Structures are given as C-alpha cells and as structure tokens.
Amino acid sequence: MTDLPLTGRARPDRTPHSLAEWRALGGYDAVERAFTIPPAQVLDAVDAAALNGRGGAGFPAARKWRFMPAPETSPGPRYLIVNGDEMEPGAFKDRFLLEALPHQVIEGALIAAHATHATEIIVLIRDDYRAAIAGLTRAIAEAQAAGYLNAMTMRVHPSAGRYIVGEETALIAALEGGRAMPRKRPPFPAQSGLWGRPTTVNNVETISLIPHILANGAQWFRALSHTEEGGTKLYGVSGRVRAPGLFEAAMGTTARELIDRAGGVSGSGRLLCFQPGGGASAFLGPEHLDVPMDFGHMAKAGAMLGTGTLIVLDDTACPVEVTARHMAFYARESCGWCVPCREGLPWAARILRALEDGSAQPEDLAALRDIAAEASPRGRSFCDLMGGAMAPLASLLARFPDLIDAHLHRGCPLKGAG
Amino acid sequence: MTLPPVLQAQLRDLVAHEGNPRAAMLESLRLVQAAEGWVSDDRIPQIAAELGVTPAELDATASFYSLIFRRPVGRTVILLCDGASCGLNGADAIRDALMSRLGIGYGQTTPDGRFTLINSACVGGCDRAPAAVIGPDRTLVGPLTADTLNAVLEEAP
C-alpha cells in the first residue's frame with residue numbers, strides 16, 4: 001500500500017513497464033481478484049470508496065455505472081469507453097497516466113468492464129499522444145497474450161483532433177465514424193450509447209484508480225483523501241509557477257500547497273488569481289488558497305475542480321489576455337451546432353482581443369457582458385462546451401471590473417509587464 | 001491518380017476488420033494521410049468506394065477533424081500551442097520567431113515543402129510551456145527558447 005497509488009510505480013522518464021515488470025510490482029492481482037467477485041460487489045466497493053469521476057464533472061463513478069441496464073433486459077454488445085481525449089487548456093495529466101502506466105489503465109478498464117457487464121473496451125486517445133497510443137496498444141497485446149483479457153475485446157481508437165470529441169456523446173459519434181457532434185441527453189449513453197447500445201464513458205484517471213480500490217479496499221481509499229471525496233488526485237500546476245508539474249496528492253489538497261510544490265509563483269512572485277480546473281473553470285483569488293480542492297468545495301467557491309490542473313497568474317499577467325486565449329480556443333473547437341456557441345464565442349474572443357489592443361469601445365464591453373449573461377445558463381446549447389467556456393469569462397467580468405475598464409481606449413496596462 | 005494497390009489492400013483489410021464501414025471512415029483517412037501526408041479531394045470518392053459509403057458521408061468526417069489535412073503539408077508539421085499556460089510563458093515570442101524564421105504564418109507551408117505551421121491548443125505539455133508537438137511522431141518539445149527552437153528546426157528532415 002502506498003499513499004501514491006496512481007503514480008507511485010511510474011518511472012520518472014515515463015518508460016512504460018512490460019507485462020512481466022508490471023506483474024512483479026503486483027500488477028493484475030486486482031484484476032484476478034475482481035474476476036472472482038460478482039459484478040454487483042465490485043460496484044458496491046467502488047460506491048463505498050466515494051470515487052468521483054475525474055474527467056471534470058466529478059459525477060460519482062458507481063452511480064454512473066449503475067445507470068447501465070441489467071444484461072438480461074438488454075442482451076447484446078455493451079461498451080466501456082475510456083476517454084483519453086485530454087485537450088482542456090491546462091490539462092496534461094491523462095498523457096502521463098497513458099504514457100507511463102498503460103497496464104494500470106488496462107487493469108482498471110477490465111475491472112470496470114466486469115462491473116458493468118461490458119463486452120468490449122475502447123480507449124479513445126487524441127492523435128497528438130502518439131507515444132501513449134503505441135504504448136497502450138503494445139500493452140493490450142501483451143495482456144491479451146497472457147490471457148488477462150479473457151473473452152474481452154479491448155482496442156485503442158486514435159482520434160484526429162477537435163476538443164469536442166472529449167464530450168461523451170460526441171465521443172460516441174466519433175467512434176461511429178462521423179462528425180463528433182454532441183447528442184441530446186436523455187437518452188444517456190447507458191441507455192443508448194455506441195451503436196445504440198448501453199455504454200459507459202469514463203476518464204483515464206478514473207479508470208486508473210479502480211484497481212487500487214479493489215486491491216486495498218474502500219476504507220483505505222477514502223482515508224487517502226482530506227475530504228468526503230475518496231482517493232488521491234493527480235493535480236497539475238502550470239502557468240506562472242517556477243516548477244510546473246503534476247503532483248499526486250490527497251483529494252482536497254489546497255491550492256496553496258500545490259503552488260508551493262510547483263516552486264511558488266513566478267514572475268512577480270505575487271499571486272493574482274488561478275483557475276483550479278483548466279480553461280473552463282472560473283478564476284479564483286488569493287482568498288481561495290486554503291480551500292480544499294475537491295469537487296464539492298470548488299463548486300461552493302464558485303468554480304469547479306474540473307481536471308484539477310491549475311493555471312496560475314501572477315499580478316503581472318493579464319487575466320483579460322488569458323481569457324482571450326481561452327475564448328479563441330473554445331470558439332475554434334466549437335462544433336458549430338448551436339448558435340450561441342458558434343456565434344457568441346468568436347465575438348467574445350474578438351472583443352477581448354480588442355480590449356487588449358486598445359480598440360474596444362464601451363459598447364463592446366456591454367456586448368461582452370451580454371454574451372456572458374445569455375450564454376452562461378445551462379440549457380442554451382446541446383452540450384457543456386459553451387457553458388464551460390463562459391466560466392472564465394463571467395468570473396473575469398465579476399472579479400476584475402477595474403482592470404477591464406483600464407483596458408478601454410488604451411489597451412492592456414500590463415502588456416510587457418510579465 | 002488511382003489509389004496505390006498497397007493502400008487499397010490496407011483499406012480492404014480495415015473494412016473487413018471493422019465490420020461496419022462507417023466506423024472505418026476516420027481510420028481510413030488516417031491511413032491515407034499516413035501514406036501521402038494529406039487527404040486530397042480526389043481521394044475522397046476513391047476511399048468512399050473502397051469502404052462502401054457515400055463520398056458525402058466520408059467528406060463530412062474528413063472536413064470535421066482538424067488533424068486530417070485537406071491541403072498538402074510540409075514534411076514536418078509544427079503544432080504550436082497557443083493555450084493559456086504557453087501564453088503565460090512566452091508562446092507569442094516563440095510564434096513570432098518561428099514565423100519570421102520560416103517566413104510563413106499559421107496554416108502555411110514553406111516554399112521548399114519542409115515545414116507547415118499550425119496553431120493548436122492545448123497540446124498537453126503545460127509543464128513544458130511554451131510547447132509544441134512536431135513531426136510524424138508528434139514529439140512534444142518544450143520549454144521552447146530561441147536556442148531549443150533552432151535545434152528542433154535543424155534536426156527536422
């Protein structure tokens with residue numbers, strides 16, 4: 001047992017283990033054990049461990065699994081999809097888990113498939129993660145040759161770009177070969193997913209935690225955490241810090257501690273604000289440095305844990321500029337289906353850029369506020385891309401009104417300061 | 001130009017393996033791109049015929065994914081990250097240096113066919129910002145400085 005279950009066995013240079021090396025470290029013990037336990041009991045163990053999905057939304061993993069219909073009521077193929085389409089600005093954690101620990105992903109997927117009665121496992125990985133695609137493909141072949149897959153089919157599906165593929169219904173559309181357009185929910189994937197069949201989609205980190213729950217028990221898993229949400233979290237810290245990196249730590253570790261572990265704030269050394277969970281999370285300030293970073297506490301603070309990968313700004317960095325980058329990104333990656341997203345995001349990006357350049361007029365600012373007000377509520381678009389994109393914009397407008405006003409007519413007052 | 005026999009055989013294998021021809025669409029485009037560097041308009045009906053889907057269906061997929069290239073690209077594709085963490089660590093200076101050295105903007109290819117420059121985010125290298133992914137293996141490079149940038153460019157084929 002270790003307090004770093006996720007990353008404790010990883011090599012610093014990320015070279016993945018061969019099957020023999022992984023076995024020597026206790027690999028596949030949890031799988032062998034899980035296969036002797038009825039699926040319902042595996043599910044109960046994960047439930048008792050209070051594991052919240054690590055893809056961003058933090059939905060309880062066991063509850064998601066329980067949405068899958070009983071196999072008797074829906075005979076035929078059922079799918080477990082592992083989402084490795086990591087593309088959230090600021091996120092670089094799944095890359096590490098896929099590159100350095102492919103057998104851990106396979107173990108977790110096999111156990112999750114057992115619990116949900118899945119007949120096939122598909123791991124979708126973004127095209128840029130070529131080392132991960134190659135390493136996991138090799139590891140699956142090894143596991144299959146050694147008999148660990150039993151009758152299960154498991155394969156890697158390399159994607160080909162576009163952030164929206166990471167949205168679970170868009171991901172399903174991508175696996176069906178078409179344009180990755182999000183689908184209306186309900187029906188949820190558990191009822192009608194890939195090819196209309198029961199489907200569960202789990203993030204790479206969620207899946208990677210599963211074997212440890214089976215190996216060490218739910219109580220142990222909960223005890224790893226500082227809060228009610230179980231386990232460790234693979235946090236990331238980047239932006240204006242001296243030593244950016246990934247840090248596995250107790251769920252509920254504070255931003256203060258994580259920024260310290262990343263060498264402290266760089267630039268001026270004074271923290272202006274941070275995004276706790278990647279590009280689509282609201283800006284928090286120094287007053288939030290001691291809030292436990294789990295899903296519940298971050299939501300209460302007005303942000304979200306999201307991917308748990310912090311983007312840090314010192315007080316010489318401009319949050320208008322950072323938000324302009326985010327808006328340009330989400331505008332580019334919108335699938336274009338819903339009008340507020342297709343039209344609103346490019347306008348937001350343009351206005352923010354105009355503020356930076358000094359060409360923005362007061363009426364532009366009113367339009368920016370309009371976009372944030374109209375596009376933020378849920379239900380204005382099929383998926384959460386636009387709502388997520390609005391989080392940094394709305395919090396920018398609320399948190400930095402004076403700084404934004406200072407941009408009018410003369411452009412960014414911080415330009416060149418960083 | 002018709003599909004080379006090798007590609008034709010690979011596509012047939014792919015369809016046989018996938019079972020559902022639609023599910024094979026993206027992978028078929030990846031195969032053709034791996035062999036030819038990009039997917040030309042002429043190839044769309046040819047690949048569609050091998051798969052047994054309509055050219056329109058295949059084109060819908062081909063035009064959606066940003067890393068299926070529909071114009072010729074250089075031998076080395078540079079996907080330069082313009083995300084927040086890279087922006088906070090000098091990505092704009094690297095962009096300017098790259099553009100002036102290569103004499104091209106985003107989406108363009110050098111006249112000698114060596115480099116194509118594309119902006120991308122996030123490349124999952126925030127701990128190595130400013131970062132880029134480069135070449136056929138999509139190698140992550142960073143943190144980029146004027147010196148490391150030169151080394152990377154000189155090593156490229």
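Numbered from 1 within each chain, the chains take letters A, B, ... in sequence-line order. Note that the structure is predicted; figures quoted are calculated from it, not measured.
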| task | Could you please spell out the steps behind the side chain to side chain contact (heavy atoms under 4.5 Å, CB included) verdict for Asp82(B) and Arg332(A)? | result | CA-CA 12 Å; Asp82(B) 61 356; Arg332(A) 189 164 75 209; 3.0 Å; yes
| Side-chain donor or acceptor of Arg30(B) paired with backbone N/O of Ser159(A) under 3.5 Å | yes
| request: Go through the atoms of Leu246(A) and report whether side chain, backbone, both or neither lie under 4.5 Å from a heavy atom of chain B. | output: neither
| Should Arg130(A) and Asp137(B) count as an ion pair when the cut-off is N to O under 4.0 Å? | no
| N-O pairing of Arg95(A) and Asp127(B) below 4.0 Å | no
| query | Counting only N and O atoms by type, is there a donor-acceptor contact under 3.5 Å from the side chain of Ser66(B) to the main-chain atoms of Gly161(A)? | reply | no
| remark: Looking only at Cys126(B), Ser85(B), Gly125(B), Cys81(B), the option with the highest number of non-hydrogen pairs under 4.5 Å against chain A is Cys126(B)
| message | Applying side chain to side chain contact (heavy atoms under 4.5 Å, CB included) to Arg325(A) and Leu88(B), what does each step give before you reach the verdict? | response | CA-CA 10 Å; Arg325(A) 260 174 216 282; Leu88(B) 286 164; over 6 Å; no
| said: Just so I understand: if I count every heavy-atom pair under 4.5 Å between each of Leu79(B), Thr139(B), Leu140(B) and chain A, which residue has the most? | reply: Leu140(B)
| Options Gly87(B), Ser120(B), Gly90(B), ranked by heavy-atom pairs under 4.5 Å with chain A, top entry | Gly87(B)
| request: Could you tell me which portion of Phe96(A) (side chain, backbone, both or neither) has an atom closer than 4.5 angstrom to a non-hydrogen atom of chain B? | output: neither
| said: Please check if the number of heavy atoms outside Arg70(B) that lie under 6.0 Å from its CZ is greater than 12. | reply: yes
| said: Assess the residue pair Glu176(A) and Asn20(B) against the criterion (side chain to side chain contact (heavy atoms under 4.5 Å, CB included)); give the C-alpha distance rounded to whole Å, side-chain angles, the decisive distance to 0.1 Å, and a yes or no. | reply: CA-CA 9 Å; Glu176(A) 292 175 357; Asn20(B) 187 321; over 6 Å; no
| note | If one checks every heavy atom of Ala180(A) against chain B at 4.5 Å, the contacting part turns out to be both
| request: Check whether Val165(A) gets within reach of chain B through its side chain, its backbone, both or neither, counting any heavy atom under 4.5 Å. | output: side chain
| note | Okay, Gln275(A) and chain B: the region with an atom under 4.5 Å from a heavy atom over there is neither
| task | May I ask you to name which of Ala84(B), Ala62(B), Pro136(B), Ala121(B) has the most heavy-atom pairs under 4.5 Å with chain A? | result | Ala121(B)
| said: One pair to check against side chain to side chain contact (heavy atoms under 4.5 Å, CB included): Phe64(B) and Cys335(A). What are the steps and the verdict? | reply: CA-CA 8 Å; Phe64(B) 185 85; Cys335(A) 80; 4.1 Å; yes
| message | Let's test your reading of the structure: which of Gly90(A), Pro244(A), Pro89(A), Ala160(A) forms the most heavy-atom pairs below 4.5 Å with chain B? | response | Ala160(A)
| query | Among residues 35-59 of chain B, which residues come closer than 4.5 Å to chain A, judged by heavy atom distances? | reply | none
| Neighbour count >12 (heavy atoms, 6.0 Å) for atom CZ, Arg71(B) | no
| Given that the side chain runs from C-beta out, which part of Ala131(A) has a heavy atom under 4.5 Å from chain B: side chain, backbone, both or neither? | neither
| message | Report which part of Leu29(B) has an atom under 4.5 Å of a heavy atom belonging to chain A: side chain, backbone, both, or neither. | response | neither
| note | So, the part of Ser63(B) with a heavy atom under 4.5 Å from chain A: the answer is both
| request: Answer yes or no: is there a donor N or O on one side and an acceptor on the other, between the side chain of Asn89(B) and the main chain of Gly239(A), under 3.5 Å? | output: yes
| remark: Cut-off 4.5 Å, heavy atoms of chain A, and the answer for Glu18(B) is side chain
| message | Rounded at 0.5 Å granularity, tell me how far CD in Gln33(B) sits from CG in Asp127(A). | response | 8.0 Å
